[in-house]
A.B. asks: 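Sending over a structure as structure tokens; questions will come in a sec.
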Amino acid sequence: MSDAAQIPLSARAAAVAARAAPWLEGLNPAQRAAVEALDGPVLVLAGAGTGKTRALTARIAHILASGHARPHEILAVTFTNKAAREMRERIARNLGEVVEGMPWLGTFHSICVKILRRHAELAGLKPSFTILDTDDQIRLMKQVISAAGIDEKRWPARGLAQIIDGWKNRALAPDRLPAAETGAFDGQGPALYAAYQARLLALNAADFGDLLLHVVTIFQRHEDVLADYRRRFRHILVDEYQDTNIAQYLWLRLLAQGSRTICCVGDDDQSIYGWRGAEVGNILRFEQDFPGATVIRLEQNYRSTPHILAAASGLIAANAGRLGKTLWTELEEGEKVRLIGHWDGEEEARWIGEEIEALARGTRGLDPVPLDGIAVLVRAGHQMRAFEDRFLTIGLNYRVIGGPRFYERQEIRDAMAYLRLAVSPEDDLAFERVVNLPRRGIGEKALQTIRTLARERGTGLVGGARHAVTARLIGGRGGQALGQFLQALGRWHADVLEGRTGHVALAETILDESGYTAMWQQDRTPEAPGRLENLKELVKALESFENLQGFLEHVALIMDNDSDDGGARVTLMTLHAAKGLEFPAVFLPGWEDGLFPSQRSMDESGLRGLEEERRLAYVGITRAERLCTISFAGNRRVYGQWQSALPSRFIDELPAAHVEVLTPPGLYGGGAGAAGMGATGAPGSAFEDRVARADVYNSPGWRRLQTRAAAPAAVPARRGGDGRQPGFAIDDRVFHSKFGYGTVIASEGDRLDVDFDKAGAKKVLASFLTAAPGPDDIPF
DNA sequence: CCTCATATACTTTTT
DNA sequence: GTATATGAGG
């Protein structure tokens, strides 16, 4: 059987093989080629909806079944735990129950943790190192910045975190920074980076970036270790290769030089994580990086109708430097991509809400689309509110994907800090997080004392605190409370070590004795009950783990939380979160220049940013199976201010032949159009009416028409960054978001004295003011 | 040390 | 408009 792959099969033999190998059944020729090309590097360019996961899992099944490698000799990497889980399940389904293990199927990060635990000393860590999340990372950087005597206001920790992450994404250790980088962060970047890394080692901790950086560094500096893994991994498979960063690329290349049988699957047109360090260049350069590579294109799309594919293809064609693919489908033509403009964001939400109800009911000769087959995909999180508001008022079931995940919530992170502390009392970051939570009267001053003592005695903060208590260096209430806290901590830690109390019961005890649960029980804010609920869930989640340590490791790496509790609901999420998903009907609102493509993206990354935004648009359209509706609004409230915008430039790039322009309600006879469509329910009637109107609307001047109707030059009011307003002069009329209109009476640099019509005279910063329009300029 | 008010920022977010 | 960070005053 092991030779089956290499020998060309006659049709009959193929049928026999297929019967014996169910994973090969129904694969198209390109997919089959991707499965069977087991020699040398392979790049599978898999367009949206072309059965990429299918090919990837079939390939693994094929490798295993044909005896090319055993489960533990296959390295299969994904970006998300979800993808890893899916792959595992599908392989199992392909092969029946025979799959054992596959210990090296996982995310880049989880695999790196596994490797790093084995060789921790080579990176200066102990095998028990803890993994810091973004929150811990920022806290630590704050400490490093203030320790260096730098004004944390002018040079915020977030900024430093971004710079350091950027370096780690490119596998640049502190001692290997190129000269071009030394100016970063006011010239202090490199020194702060070194200090931060030193702190991490002292804490026996690694952040996400370190997981890869350390492993790459170990591979580069310890040939024997690398050789071992090279021998081990006879086959390497990579999912979503277009999303790899430089560190991941180096990691893969180092490993692939052993077996050379690396198979990367990806789509350059769906690279949307450049801002996180992903390098489209990795996939574009594949053939140079891996000489002799076979490139296989998966171009038959099984998801979307021809109009949808054509619209997406036409749009993405505007990007330069693509590898290029021609997606095709055997599906029936279906509906054109629908395009509609609205007066403002609220009307857009209203219209989409009505459309969704109509779709769910089944109108216009289309089969009813269940709510869970419908998605609204937005560019930015703040667009979601308008839809939530609307869906709530019309009683439409919806669910929001994304947002703060379970393990990122404050109460969960607090509880986790308690558990971390019980497992390892030397976890200083955890200590700082909870020592005064609930309030124990241990403030900044007490903490400072503890820090000093800890440093002097070379212990962790817990050690410092112990000393502070015995030496009575912290007075009164605080000292007493701290003593009790330390005592409790000692008990919990002993319990962990003994392992006599079950870890679930122990967790409950900890949350109870610490007063943390009580703190939320006494909290009268509306979110308190929800938080208590979450804490219960956390304890429940513990049940499926052997012990606390195992749970903590899991949580550090696995931050997902898709609990699906039945009930058909519309899905509301960002375009980024939608990658890899598909829906019969998709709504893409907010296609306005500045919002989508995002102004910031273009400001920061220029053409590269614009192209990534375009890929995001491409991802959005290709999520749709049968119906895709794009919309924009002429006016929108952004951070409480009205702003007007032009339709997105991406709209101009859609091929007109595959787009149907709908008439907005409100133009040509009021909003009855959309409502009437649902109300009559008669397939076709309102629809044909609309097409006739759309023809008028679709004349060459349609966009100008729309623009004129929708753009009453509102006063631009950009704030923050470089969006600062030019100076104001005495007697200028100004507007303040809180105090309303007023007149400038004095100015002193940024600070102005303004006499507000309603609120009286106030001192305010110029950046809070916008020039007030004269009576003629007021919108509407 | 705590609380309240005022100031400020704010895309996207696989791990 | 909201979430968070800081500073004054209690």
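Each chain gets a letter, A, B and so on, in the order the sequences are listed, and its residues count up from 1. Only a predicted model underlies this, so the values are computations on that prediction, with no experimental measurement involved.
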A.B. asks: Which is true for A:G381 with a 4.0 Å heavy-atom rule: it touches a base, it touches only sugar-phosphate, or it touches nothing?
C.D. replies: sugar-phosphate

A.B. asks: Could you tell me which residues satisfy ring-ring contact (aromatic ring centres under 6.0 Å, His included) with A:F185, sequence neighbours excluded, listed by chain and number?
C.D. replies: A:W155

A.B. asks: What verdict does the side-chain contact (heavy atoms from CB on, under 4.5 Å) test give for A:L588 and A:L575, after you've listed the backbone C-alpha separation in whole Å, the side-chain angles of each residue and the deciding distance to 0.1 Å?
C.D. replies: CA-CA 9 Å; A:L588 302 170; A:L575 287 160; 3.9 Å; yes

A.B. asks: Which part of the nucleic acid, if any, lies within reach of A:L211 when heavy atoms closer than 4.0 Å are counted: base, sugar-phosphate only, or nothing?
C.D. replies: nothing

A.B. asks: Quick one: list whatever passes side-chain hydrogen bond (donor to acceptor under 3.5 Å, both in side chains) with A:T449, sequence neighbours left out.
C.D. replies: none

A.B. asks: Check every strand shown and say whether A:E604 touches a base, only sugar-phosphate, or nothing at a heavy-atom separation below 4.0 Å.
C.D. replies: base

A.B. asks: Among the candidates C:dT2, B:dT13, B:dC1, find the nucleotide nearest to the side-chain atoms of A:K445.
C.D. replies: B:dC1

A.B. asks: So is the aromatic ring of A:F108 stacked onto the base of B:dT15, judging by whether the centres are under 5.5 Å apart and the planes are under 30° apart?
C.D. replies: no

A.B. asks: At under 4.0 Å between heavy atoms, what does A:R379 touch on the DNA or RNA strands: base, sugar-phosphate, or nothing?
C.D. replies: base

A.B. asks: Which residues satisfy the side-chain contact (heavy atoms from CB on, under 4.5 Å) test with A:D344, sequence neighbours excluded?
C.D. replies: A:E346, A:E347, A:N635, A:W642

A.B. asks: Pairs counted as Watson-Crick or G-U wobble with both distances under 3.5 Å: what dot-bracket string results for DNA chain B, using | for bases tied to another strand?
C.D. replies: ||||||||||.....

A.B. asks: With sugar-phosphate meaning primed atoms plus P, OP1 and OP2, does A:S598 contact a base, only sugar-phosphate, or nothing at under 4.0 Å between heavy atoms?
C.D. replies: base

A.B. asks: I want to check one thing: is the phosphate of B:dC2, taken as OP1 and OP2, less than 4.0 Å away from some side-chain N or O of A:N436?
C.D. replies: yes

A.B. asks: Measure from the ring centre of A:Y639 to the centre of the six-membered ring in the base of C:dT2, then say whether that distance is under 5.5 Å and the planes meet at under 30°.
C.D. replies: no

A.B. asks: Among residues at least two apart in sequence or on other chains, which ones pass side-chain contact (heavy atoms from CB on, under 4.5 Å) with A:L392?
C.D. replies: A:Y398

A.B. asks: Is there any salt bridge (charged side-chain N to carboxylate O under 4.0 Å, His left out) pair reaching into residues 375-388 of chain A, and which pairs are they, with sequence neighbours excluded?
C.D. replies: A:R379-A:E613

